[in-house]
Amino acid sequence: MGIPVRHFDAVIVGAGGAGMRAALQLSEAGLKTAVLSKVFPTRSHTVAAQGGVSASLGNSEEDHWHWHMYDTVKGSDWLGDQDAIEFMCREAPKVVVELEHFGMPFDRNADGTIYQRPFGGHMSNFGEKPVRRACAAADRTGHAMLHALYQRNVRANTHFFVEWMALDLIRDAEGRVQGVVAMEMETSEIVVFQAKATLFATGGAGRIFASSTNAFINTGDGIGMAARAGIPLEDMEFWQFHPTGVAGAGVLITEGVRGEGGILRNSAGERFMERYAPNAKDLASRDVVSRAMVTEINEGRGCGPNKDHVLLDITHLDPEVIMSKLPGIREISIKFAGVDPIKAPIPVVPTCHYQMGGIPTNYHGEVVVHGEPVQGFYAAGECACASVHGANRLGTNSLLDLLVFGKSSANSMIEFIKRQPEDLPALALADVERSVARVERLDKQTGGVQVNDARSALQRTMQAHCGVFRFKDMLEEGVKKILEVEQMVARTEIGDKSKVFNTARIEALELDNLIEVAKATMISANARTESRGAHVRDDAKDTEETPNGRDDKNWLKHTLWFRDGNRLEYKPVNLKPLTVDTIALKTRSY
Ligand SMILES: Cc1cc2nc3c(=O)[nH]c(=O)nc-3n(C[C@H](O)[C@H](O)[C@H](O)COP(=O)(O)OP(=O)(O)OC[C@H]3O[C@@H](n4cnc5c(N)ncnc54)[C@H](O)[C@@H]3O)c2cc1C
């Protein structure tokens with residue numbers, strides 16, 4: 001074959017919070033662990049996480065994991081699996097304290113305990129009133145977390161492969177996973193990373209939308225690789241639009257700003273969330289706040305010359321609080337909106353932020369298809385669907401998801417690796433050859449489509465046809481358009497490779513992944529004819545049987561999209577927790 005092969009016990013694709021938490025567990029267990037990343041580990045997108053990580057530590061007021069579980073199930077609009085949610089909420093205090101012991105510089109209360117702030121949808125006593133549950137390091141929590149995890153990994157001898165892009169998953173004839181084909185981004189050298197167990201922790205794919213809080217590297221590579229390898233994608237219709245992206249720029253203003261007392265106002269200066277969520281107000285869950293904002297704008301109460309945004313007001317807060325608790329936000333606001341939030345409110349609009357769906361796993365991090373774990377294959381973090389976020393994620397539950405499922409998937413891998421023979425099996429060549437052919441197609445293509453043109457067609461289609469509010473005819477047309485974009489992607493060219501920098505090739509390979517995510521999203525959204533969580537359809541009627549358009553009789557189930565034939569299957573939601581009673585279905589209000 002002529003392609004070099006490197007051997008490891010475990011290979012992890014992704015060095016964000018999920019990948020590094022898993023790598024630490026594996027390396028500390030003495031296993032030879034490779035971590036591949038398109039960027040330097042501490043530049044992974046987790047670095048952008050601002051507001052905090054949730055855990056019912058109860059440092060500032062009474063709290064309980066069961067209340068956290070209730071809020072997460074309710075936030076998910078009952079689409080989350082209750083076994084996985086119970087597992088995550090029970091583990092939360094443990095993994096956060098563990099992180100503290102790894103050296104994470106959390107903010108502190110006067111008594112030395114970890115500082116906690118309120119966040120949207122997190123309430124005390126089964127939904128009564130907002131509770132302080134988000135553990136924060138100012139508004140740079142993800143940054144602090146990544147640095148703590150990276151340093152621990154260096155100490156544990158994790159093998160980092162920086163600026164290496166995984167191209168495809170390798171499966172043998174029985175479907176067992178053997179590792180990945182990868183490319184060194186600087187030189188284009190292709191190498192096989194063969195391992196006993198493989199974990200995808202490749203993060204999100206927010207770049208399928210034109211306006212996104214996500215970094216340019218968030219192109220859904222793990223999801224695309226899994227889809228090409230025959231793994232279905234779960235609940236891809238559910239995308240979170242964060243209420244407060246800076247208008248015109250998309251950069252995120254954390255919910256922690258509202259946690260510290262920030263208020264959303266329309267053009268009349270009205271605190272409009274009092275009408276939409278009388279109890280939680282500005283701290284209702286994200287889908288609720290985003291829809292309220294879009295409704296205000298659509299009904300003519302938006303701000304600015306084009307009446308196309310609302311305002312986030314913190315001018316009433318003590319400037320000392322803004323400087324100490326929200327310094328990064330002040331900087332973002334000055335740089336991207338030209339506004340000092342101490343003096344004037346920040347213009348904001350809902351922006352694509354987070355994918356709730358992904359590669360289907362159980363709460364052990366094993367990838368599961370048709371009820372059976374795929375041997376040797378694991379996924380954690382934003383690219384995975386455990387499913388703890390269901391139809392809508394609560395803020396700060398993602399960093400928690402990385403810690404809990406990064407660790408649990410690594411524990412499952414350790415057990416699996418122990419059961420494997422010492423020597424790795426013969427490498428399955430068919431997938432390797434297919435992957436190499438994908439790169440060669442790009443290098444040979446002439447007279448094709450520019451990568452930029454295909455990508456912007458994809459992003460425009462997703463933004464226009466699959467946004468905060470969804471319409472039947474727009475979705476149907478969106479499916480047709482995205483399949484046309486797929487034809488463009490199949491013919492992308494990168495120009496004369498002796499003249500272009502290698503990033504052109506990387507961007508084309510990333511586009512192969514974006515298109516899989518976009519197809520899965522549009523086709524799954526078109527099929528789900530109810531409104532639930534972040535998926536809101538204009539034609540889903542609010543009736544006694546279907547409150548807010550949610551149709552539990554027909555749609556309380558997970559979507560599975562298979563790339564082969566764009567086929568959809570459905571599987572039941574697990575409503576049975578591990579030790580407590582089911583959180584019974586209710587209409588969601590805040
Ligand atoms: C602006 C912003 C603020 C946020 N704030 C919060 C918050 O306060 N609290 C919270 O809970 N959540 C927050 N979130 C969400 C949370 O940050 C993310 O969901 C989470 O960090 C994702 O972590 P991850 O480990 O899954 O992936 P990432 O951190 O995105 O890491 C992905 C890794 O995969 C690598 N990779 C990808 N593709 C390949 C490939 N083909 N080959 C090799 N490597 C690859 C990348 O290089 C990277 O190392 C925020 C999100 C955004 C956008």
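Model, not experiment: these values are computed from the prediction. Counting starts at 1 for both ligands and their atoms, following the listed order.
Side chains of Asp71 and His122: a donor-acceptor N/O pair is absent below 3.5 angstrom, by distance only. With no hydrogens or angles considered, no side-chain donor-acceptor pair links Ser56 and Asp63 at under 3.5 Å. Side-chain contact annotation: His535 with Glu237, donor-acceptor N/O pair under 3.5 Å absent. A donor-acceptor pair shorter than 3.5 Å cannot be found between the side chains of Arg133 and Thr396. Using a 3.5 Å distance cut-off with no hydrogens or angles, the side chains of Thr219 and Asn513 do not pair a donor with an acceptor. Using modelled atom types, one finds no donor on one side chain facing an acceptor on the other under 3.5 Å when comparing Asp287 with Gln240.
Residue-to-ligand polar distances place Ala15 within reach of ligand 1: an N/O pair is separated by less than 3.5 Å. For a threshold of 3.5 Å applied to N or O pairs, the pair formed by Met165 and ligand 1 contains no separation below that value. Residue contacts with ligand 1: Ala49 is placed with no nitrogen or oxygen under 3.5 Å of a nitrogen or oxygen of the ligand (distance criterion only). Geometrically, ligand 1 and Leu402 share no nitrogen or oxygen pair separated by less than 3.5 Å. At under 3.5 Å, not a single nitrogen or oxygen of Thr213, backbone or side chain, sits near a nitrogen or oxygen of ligand 1. Among the atoms of Ser37, some N or O lies under 3.5 angstrom from an N or O of ligand 1. Residue contacts with ligand 1: Leu399 is placed with a nitrogen or oxygen under 3.5 Å of a nitrogen or oxygen of the ligand (distance criterion only). Considering backbone and side-chain N/O of Ala48, none are found under 3.5 Å from N/O of ligand 1. Of the polar atoms of Gln50, at least one N or O is found under 3.5 Å from an N or O of ligand 1, judged by distance alone. Here's the thing with Gly51: one of its N/O atoms is less than 3.5 angstrom from an N/O atom of ligand 1.
The side chain to side chain contact (heavy atoms under 4.5 Å, CB included) test with Val53 is passed by exactly one of Leu399, Val95, Ile114, Asn397: Leu399. Looking at Phe405, Tyr354, Phe238 one by one, the single match for ring pair (Phe, Tyr, Trp, His ring centres under 6.0 Å) with His389 turns out to be Tyr354.
The six-membered or imidazole ring of His64 lies away from that of His68, with a centre-to-centre distance of 6.0 Å or more.
Of the protein's heavy atoms, Gly14 CA, 3.1 Å lies nearest to atom 34 (O) of ligand 1.
Set against the non-hydrogen atoms of His45, the atoms of ligand 1 under 4.0 Å away are 28 (P), 29 (O), 30 (O), 52 (C), 53 (C). The ligand atoms of ligand 1 that sit less than 4.0 angstrom from a heavy atom of Gly17 are 25 (O). Close approach of ligand 1 to Trp164 (heavy-atom distance below 4.0 Å) involves ligand atoms 42 (N), 43 (C).
Within the 4.0 Å heavy-atom criterion, neither part of Gln240 lies near ligand 1. Contacts between Thr202 and ligand 1, counted as non-hydrogen atom pairs separated by less than 4.0 Å, involve both the backbone and the side chain. If you look at Asp221 next to ligand 1, the close heavy atoms, those under 4.0 Å, all belong to the side chain.
Using a 30° and 60° split on the angle between ring planes, Phe160 and Tyr150 fall in the tilted class, from 30° to 60°.
Considering only non-hydrogen atoms, atom 12 (N) of ligand 1 lies nearest to Arg393 out of Arg393, Met20, Met185.
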Working for ring-ring contact (aromatic ring centres under 6.0 Å, His included), residues Phe241 and His353: CA-CA 5 Å; Phe241 289 81; His353 183 58; over 10 Å; no
